[in-house]
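In what follows, chains carry the letters A, B, and so on, assigned in the order in which the sequence lines appear, proteins first and then strands, with residues in each chain numbered from 1.
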Protein chains: 2
Amino acid sequence: MTDTLQAGPRPRLNRARVLEAAVALADEIGIESLSMRRLAQELRVVPMALYKHVANKEELLDGMVDVIVGEIDPPAADADWKSGVRSRILSARHTLQRHPWARRAIETRTAMTPRVLDYMDSFIGVFLAGGLSLDLTHHAMHALGGRMWGFTQELFEDPAAPAPAVTDAERGEMLRQAAQRYPNVVAIATSVTHDEGSVVGHGCDDQFEFEFALDLLLDGFERLHVRDWTSRGAKAAR
Amino acid sequence: MTDTLQAGPRPRLNRARVLEAAVALADEIGIESLSMRRLAQELRVVPMALYKHVANKEELLDGMVDVIVGEIDPPAADADWKSGVRSRILSARHTLQRHPWARRAIETRTAMTPRVLDYMDSFIGVFLAGGLSLDLTHHAMHALGGRMWGFTQELFEDPAAPAPAVTDAERGEMLRQAAQRYPNVVAIATSVTHDEGSVVGHGCDDQFEFEFALDLLLDGFERLHVRDWTSRGAKAAR
DNA sequence: TCGATAGGAGTACAGTGTACGCCTCGTGGT
DNA sequence: ACCACGAGGCGTACACTGTACTCCTATCGA
């Protein structure tokens, strides 16, 4: 009876409620004003209560991007890979634009949460289903970089492998599980490492990937340029 | 004589020295550990002394990116625009890689410092000197986005014009001065706004620019894909 | 020689993330 | 029906952040 006197019975906290409230609050007051204290106040709870559901603020932010990545529409069953990729990216962009802070948050976060891996896996799947080679798909993912997210960033870029001390057996088990959930991601990763060394995570030349995307764009500019130039010339000639 | 007992006479502070020290310190301990107090300690000075040369931490960070942008090599007098742009971008990337924190710092900063404008202006100049139209150059700048900086970001994206209260006369004067220092930037900006509305800063469709760059990449993938496919077919046929 | 002044020193305050200990319920085993 | 237990919320405390405000002092032009 006592708590009915309050503005509401305040249902018990849980991780999902914390994360959703954080997302909503960030939408409202901006990510830079989002503090643990402010969030706690919003949930009508003492600040330290949050730490029962979130290890620290870093993990809170990780969880927040996880939530919004989960909001991205699943890939529509498009006719060809190109329009499939295109519509997915634009859908991601649309989702991200609803949360202005999300772009910056994703950039600073490097955690590979399950939903992020899901997203990437289905993304890669569209390419592979379209018949593109593992290699080309790999480069394409790099070139798209953050455009996958509806904006731009350099993905995979920090090879500071989290690699938390695990035995080889555990590592093998994790890999098998990952291969089940994220078959495409694993396919790309392993195909890359086969070429070069044996260390997972390396064997992917950052500089090459950068120049690959750069030259794709430059070639595109050039094509548009000469087309423009010739059409102008044709117009002048007739 | 008293100060000769110290590790050094400690030359007087000035803005440049503060900025340089900040850059060096960020290189050493990381941007997230760089605090005003830590920086002051490094300069053997009381924290508040810094505020005589920098309005606040925000401005300190602005100054830091200004410093590193200034480190980028000037554009080499290349034969064609394409290799000119290419080498400039790779040079920028090289510079940025020497300061791991710079990438993230530039992303969060939106201030258009003189050196940034200088950089962009000379960049645009390479395109225009190569004969590209104002329009294509404009789109190209967008498409390259942060790749101009040796990484990736969405530039121009926040049209929240700083527009600090100025009279029309002042505004006109500023524009004339800007046109002298940054002729190419102004050329692009004005050519865009001519098309659509009269408000400076708008008239540049974000969505269009995004899809422009996206389609450039997708077309590139497709070309590589069919080339791969046909060569594979040819090999199988012979 | 003198006084204006730029620049450094000192103190103080609000706000941040979070470590640690306590207390209070709802719940499951006996 | 009891009771212990543990999840989850509370309170306090600490180190650290940016920076506002006041005072002091060394420097330099007249």
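Checking the phosphate oxygens (OP1, OP2) of D:dA7, no side-chain nitrogen or oxygen of A:His53 falls inside 4.0 Å.
Among the atoms of the strands shown, base atoms are found under 4.0 Å from some heavy atom of A:Val46.
Within the structure, salt bridge (charged side-chain N to carboxylate O under 4.0 Å, His left out) pairs that include any residue of residues 46-65 of chain B comprise B:Arg15-B:Glu59, B:Glu58-B:Arg109, B:Asp62-B:Arg109 (at least two apart or interchain).
Regarding A:Met48, its CE atom lies at a distance of 15 Å from the P atom of C:dT16, rounded to whole Å. D:dG9 atom C1' lies 12 Å from atom CG of A:Leu43, rounded to whole Å. Between the P atom of C:dT16 and the NZ atom of B:Lys57 lies a distance of 15 Å, rounded to the nearest Å. Following rounding to the nearest Å, A:Leu13 (CG) and D:dG9 (P) show an atom-to-atom distance of 5 Å. Atom pair B:Leu60:CG and D:dG18:P shows a separation of 10 Å (rounding to whole Å applied). Going from atom CE of A:Met36 over to atom P of D:dC14 covers 21 Å, rounded to whole Å. Between the CZ atom of B:Arg44 and the P atom of C:dG7 there is a distance of 19 Å, given to the nearest Å. The nearest whole Å value for the distance from the CG atom in A:Leu50 to the P atom in C:dA19 is 13 Å.
Enclosure of atom CD in B:Glu32 by more than 12 non-hydrogen atoms of other residues, nucleotides or ligands within 6.0 angstrom is indicated.
Checking C:dT16, C:dG8, D:dG11 against the side-chain heavy atoms of A:Arg37 singles out C:dT16 as nearest.
Judged by distance alone, with hydrogens and angles left aside, A:Lys52 brings a side-chain donor or acceptor within reach of the base of D:dG9, the pair sitting under 3.5 Å. Side-chain N/O atoms of A:Arg12 and base N/O atoms of D:dG9 include no donor-acceptor pair closer than 3.5 Å.
Both A:Asn56 and B:Ala49 sit near DNA chain C, but only B:Ala49 has its closest nucleotide nearer the 5' end.
Nearest approach of A:Asn14 to A:His53, heavy atoms of both residues: CA-CD2, 3.7 Å. Between A:Phe212 and A:Ala140 the shortest heavy-atom distance is CE2-N, 4.4 Å.
Of the residues in residues 21-35 of chain A, none has a non-hydrogen atom less than 4.0 angstrom from any atom of DNA chain D.
A:Arg37 places no side-chain N or O within donor-acceptor distance of the main-chain N or O of A:Val46, the cut-off being under 3.5 Å. Using a distance-only test at 3.5 Å, with no hydrogens or angles considered, a donor-acceptor pair links the side chain of B:Asp121 to the main chain of B:Asn184.
The one candidate from B:Leu34, B:Ile106, B:Val69 that meets the side-chain contact (heavy atoms from CB on, under 4.5 Å) condition with B:Met64 is B:Leu34.
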